[in-house]
Amino acid sequence: MGIKLMSILMLQVTLVAISRGVPRNGSSSKQNFGPKFAVKSIQSEDGDVIDCIGIHNQPAFNHPALRNHKIQMRPTYDPIMVTKNEKDTREASDHKGNKDLYITTTAQIWHKSGSCPEGTIPIRRVLRKNKSKGTTVDDHARKKPTISPYQFNDNKNMNLLQANHSLAILHTEGYAYFGAKGDIKVCYPSVELDDEYTTSQVALKSGPYNQYEALESGWAVSINKQNVNPSVYGDRQTRFFTYWTIDASVETGCFDATCPGFVQISKDIALGAAIYPISKPNELPYQITIFIFKDPFTGNWWVNYGDKVYIGYWPGELFDRLSFSAETVQWGGEVYSARVGTSPHTATQMGNGEYADRHAGTIRRMRVVQNSQVIKFPDWVNSYTDEYNCYDARYRWEFLPEPEFYYGGPGRSYMCP
């Protein structure tokens, strides 16, 4: 009787796991979208092809938990619309003579070549011919697992919070979080090798370090050589991304629309498409505004872009812990490489490749949403970096209208051999 009961319980746990997260070799590769389903295809000048897919035919609905999902076209509640503090802060900054030199952009390069019609969403085409031998689209679309079974026996990982990942972040915890927001300076860092990438993002996480659930959005840069695509996007462009996982990227998780889960409603923003314009030295800086927040009535986690565009949402039924709230919020940069935490170190850059100061990677107007459902500056923050000689982090609040977070670094250098 005991064995039978145990078998039933194990079956139930397996079914729940499958319904919430698509395993890496599961149905995420069985896509019912692509060129033959496109209402319109747009050839972008940067080489991308954007397929305009009917909103009800998008890849999200291949997820077993979303087969009968009804699309929510707008959030029922948006904290931005009811928060007075954000407007007051911006006006106070202007009154003090600190005119904001940052330009917020929501443009993408493919916009120069066309637009998607009403009733469709833009999907960046992923070319399967670029796959490496013995791998799947899922392998490229998911972050490499952050926890190595040999992590604590491998000297090179002793100083890293996550194996093969180097972080420089601003961190807050201690409350239940229902949203996070930040203005992220758009940079163009160098990525050295095929299987490396660098990102800057806003992230909400919940759960233990080896099995956490996460929602992320920001910009990413990866690289491709010799038509092999072990990287995320396969070129050097700075691209807008979303990411989610329910198990610390061990078996689930993906960037953008490369696996079912994220429900998109915007016809104007393509997940994974190149951002335009980007910040350049000695010119006006550009930024993207990312706001991830939970709809308190539907439980869906929305992504707002530039304070104006509702891109879409992760349905609440995808998650376990995040179906309630997030336990921590992080802003900052991340570099993935097998050569972080060791020597010779990777030369892949974080931010814009400069160590943390006002000219480096920058995130401003950090905000959270707590039980009050009002956007506010977090009550407590702390900066953290895995490798301060390689990628630095600095939180500055003095002599500024409000705090700013600087992060980044060159990777391999005389300080980081």
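Residue numbers start at 1 and run along the sequence shown. Heavy-atom basis, side chains included; hydrogens, waters and symmetry copies ignored.
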K.L.:
Taking the side chain as every heavy atom from C-beta outward, state whether Gln162 and Asp386 have any atom pair closer than 4.5 Å.
P.N.:
no
K.L.:
What are the two closest non-hydrogen atoms of Ala168 and Met350, and how far apart are they?
P.N.:
CB-SD, 3.5 Å
K.L.:
Is Tyr197 close to Val335 at the side-chain level, that is, under 4.5 Å between some pair of heavy atoms?
P.N.:
no
K.L.:
Would you confirm whether Asn300, through its side chain, and Gly316, through its main-chain N or O, come within 3.5 Å as a donor-acceptor pair?
P.N.:
yes
K.L.:
For a quick check under 3.5 Å, do Glu192 and Thr348 share a side-chain donor-acceptor pair by atom type?
P.N.:
no
K.L.:
So, His171 and Ser383: side-chain donor and acceptor under 3.5 Å apart, yes or no?
P.N.:
no
K.L.:
Do Tyr102 and Thr362 make a side-chain contact, defined as non-hydrogen atoms from C-beta onward lying under 4.5 Å apart?
P.N.:
yes
K.L.:
Working to the nearest 0.5 angstrom, can you tell me the gap between Lys308 NZ and Thr106 OG1?
P.N.:
7.0 Å
K.L.:
Ignoring hydrogens and angles, tell me if any N or O in the side chain of Ser279 forms a donor-acceptor pair with the backbone of Tyr286 under 3.5 Å.
P.N.:
yes
K.L.:
Look at the side chain of Asp51 and the backbone N and O of Ile53, then say whether any donor-acceptor pair between them is shorter than 3.5 Å.
P.N.:
no
K.L.:
Would you check if there is a donor-acceptor pair between the side chains of Glu213 and Ser206 at a distance under 3.5 Å?
P.N.:
no
K.L.:
Under 6.0 Å between the ring centres of His165 and Tyr391?
P.N.:
no
K.L.:
Answer yes if the side chains of Asp247 and Thr245 hold a donor-acceptor pair under 3.5 Å, and no otherwise.
P.N.:
yes
K.L.:
Nearest 0.5 Å, what's the CG-CD1 distance between Leu322 and Ile246?
P.N.:
10.0 Å
K.L.:
Nearest 0.5 Å, please: how far is CE in Met366 from NZ in Lys181?
P.N.:
11.5 Å
K.L.:
Within the distance-only criterion (no hydrogens, no angle test), does the side chain of Glu387 pair as donor or acceptor with the backbone N or O of Gly341 below 3.5 angstrom?
P.N.:
yes
K.L.:
List for me each residue that meets side-chain hydrogen bond (donor to acceptor under 3.5 Å, both in side chains) alongside Ser372, sequence neighbours excluded, and say none if there are none.
P.N.:
none
K.L.:
Got Ile55 and Thr120 here, is their nearest side-chain heavy-atom distance under 4.5 Å?
P.N.:
no
K.L.:
Stepwise, does the side-chain contact (heavy atoms from CB on, under 4.5 Å) test hold for Cys116 with Ile121?
P.N.:
CA-CA 7 Å; Cys116 285; Ile121 61 167; over 6 Å; no
K.L.:
Could Lys294 and Phe178 be counted as a cation-pi pair, given that NZ or CZ must be under 6.0 Å from the ring centre and within 45° of the axis?
P.N.:
no
K.L.:
Determine, for Tyr276 and Lys112, whether the Lys NZ or Arg CZ falls below 6.0 Å from the six-membered ring centre while staying within 45 degrees of the axis.
P.N.:
yes
K.L.:
Side chains of Ser266 and Asp268: is there a donor and an acceptor less than 3.5 Å apart?
P.N.:
no
K.L.:
Could you state the interatomic distance from CD1 (Ile311) to CZ (Phe291), rounded to the nearest 0.5 Å?
P.N.:
13.0 Å
K.L.:
Please confirm whether the backbone N or O of Arg74 pairs with a side-chain atom of Tyr313, one donor and one acceptor, at under 3.5 Å?
P.N.:
no
K.L.:
Applying ring pair (Phe, Tyr, Trp, His ring centres under 6.0 Å), name anything that partners Tyr395, two or more places apart in sequence or on another chain.
P.N.:
Trp397
K.L.:
Rounded at 0.5 Å granularity, tell me how far CG in Leu101 sits from CD in Glu283.
P.N.:
13.5 Å
K.L.:
Once you measure the plane-to-plane angle for Trp302 and Phe293, does it fall in the parallel (<30°), tilted (30-60°) or perpendicular (>60°) bin?
P.N.:
parallel
K.L.:
On a heavy-atom basis, which atom in Asn352 and which in His359 lie closest, and how many Å separate them?
P.N.:
ND2-O, 2.7 Å
K.L.:
Taking atom CZ of Phe377 as the centre, does the number of heavy atoms from other residues, nucleotides or ligands within less than 6.0 Å exceed 12?
P.N.:
yes
K.L.:
Below 6.0 angstrom between ring centroids: does that apply to Phe240 and Tyr305?
P.N.:
yes
K.L.:
Ignoring hydrogens and angles, state whether a donor on the side chain of Thr298 or Gln72 is under 3.5 Å from an acceptor on the partner side chain.
P.N.:
yes
K.L.:
Looking at Arg365, is its backbone amide N or carbonyl O close enough to the side chain of Asp183 to form a donor-acceptor pair, meaning the two atoms are under 3.5 Å apart?
P.N.:
no
K.L.:
Run the ring-centre check on Phe262 versus Trp314 and record whether the distance is less than 6.0 Å.
P.N.:
yes
K.L.:
Apply side-chain contact (heavy atoms from CB on, under 4.5 Å) to Tyr77 and Gln373, showing your working.
P.N.:
CA-CA 9 Å; Tyr77 179 86; Gln373 294 298 316; 3.5 Å; yes
K.L.:
Examine the side chains of Glu404 and Tyr406 and answer whether a donor and an acceptor come within less than 3.5 Å of each other.
P.N.:
yes
K.L.:
Is Thr238 reaching over with its side chain to a backbone N or O of Cys187, donor-acceptor style, under 3.5 angstrom?
P.N.:
yes
K.L.:
Is there a salt bridge (charged side-chain N to carboxylate O under 4.0 Å, His left out) between Arg367 and Glu402? Walk through the geometry before answering.
P.N.:
CA-CA 11 Å; Arg367 298 289 187 270; Glu402 68 168 79; 3.0 Å; yes
K.L.:
Where is the tightest heavy-atom contact between Ser41 and Arg125, given as atom of each residue plus distance?
P.N.:
OG-NH2, 3.5 Å
K.L.:
Distance only, no hydrogens: is a donor on one side chain within 3.5 Å (strictly under) of an acceptor on the other, for Thr76 and Asp295?
P.N.:
yes
K.L.:
Go through it in stages, so that I can follow the logic: the residues are Asp256 and Tyr233, the test is side-chain contact (heavy atoms from CB on, under 4.5 Å), and I'd like the CA-CA distance, side-chain angles, deciding distance and then a yes or no.
P.N.:
CA-CA 11 Å; Asp256 309 327; Tyr233 294 114; 2.5 Å; yes
K.L.:
Looking at Ile363, Asp392, Ile169, which one forms a side chain to side chain contact (heavy atoms under 4.5 Å, CB included) with Tyr407?
P.N.:
Ile363
K.L.:
I'd like to check Leu66 versus Leu318 (side-chain heavy atoms, cut-off strictly below 4.5 Å). Are they in contact?
P.N.:
yes
K.L.:
For residues Lys376 and Gln370, determine if any side-chain heavy atom of one lies less than 4.5 Å from a side-chain heavy atom of the other.
P.N.:
yes
K.L.:
Please indicate whether Lys40 has more than 12 foreign heavy atoms, meaning atoms of other residues, nucleotides or ligands, lying under 6.0 Å from its NZ.
P.N.:
yes
K.L.:
Quick one: closest heavy-atom pair of Pro378 and Val368, and the distance?
P.N.:
CA-CG2, 3.9 Å
K.L.:
Measuring only between side-chain heavy atoms, which start at C-beta, is His69 closer than 4.5 Å to Pro315?
P.N.:
yes
K.L.:
Heavy atoms only: give me the nearest Tyr355-Ser413 pair and the separation to one decimal.
P.N.:
OH-OG, 3.3 Å
K.L.:
Could you tell me whether a side-chain N or O of Tyr310 sits under 3.5 Å from a main-chain N or O of Gln264, the two making a donor and an acceptor?
P.N.:
no
K.L.:
Do the non-hydrogen side-chain atoms of Thr105 and Ile275 ever get within less than 4.5 Å of each other?
P.N.:
yes
K.L.:
If we count only N and O atoms by modelled type, under 3.5 Å, do the side chains of Glu196 and Thr346 hold a donor and an acceptor together?
P.N.:
yes
K.L.:
For the pair Asn164 (side chain) and Val340 (backbone), establish whether a donor and an acceptor sit closer than 3.5 Å, ignoring hydrogens and angles.
P.N.:
no
K.L.:
OH of Tyr212 to OG1 of Thr328: how many Å apart, nearest 0.5 Å?
P.N.:
11.5 Å
K.L.:
Taking Gln58 for the side chain and Ala60 for the main chain, is one N or O donor matched with an acceptor at less than 3.5 Å?
P.N.:
no
K.L.:
Validate the cation-pi geometry between Arg396 and Phe405: distance from NZ or CZ to the six-membered ring centre under 6.0 Å, angle to the ring axis within 45°.
P.N.:
no
K.L.:
Using the side-chain contact (heavy atoms from CB on, under 4.5 Å) rule, take Thr172 and Trp331 through it: C-alpha gap first, then chi angles, then the decisive distance, then the call.
P.N.:
CA-CA 9 Å; Thr172 189; Trp331 300 264; 3.9 Å; yes
K.L.:
Under 3.5 Å, is there a donor-acceptor pair linking the side chains of Tyr243 and Ser249?
P.N.:
yes
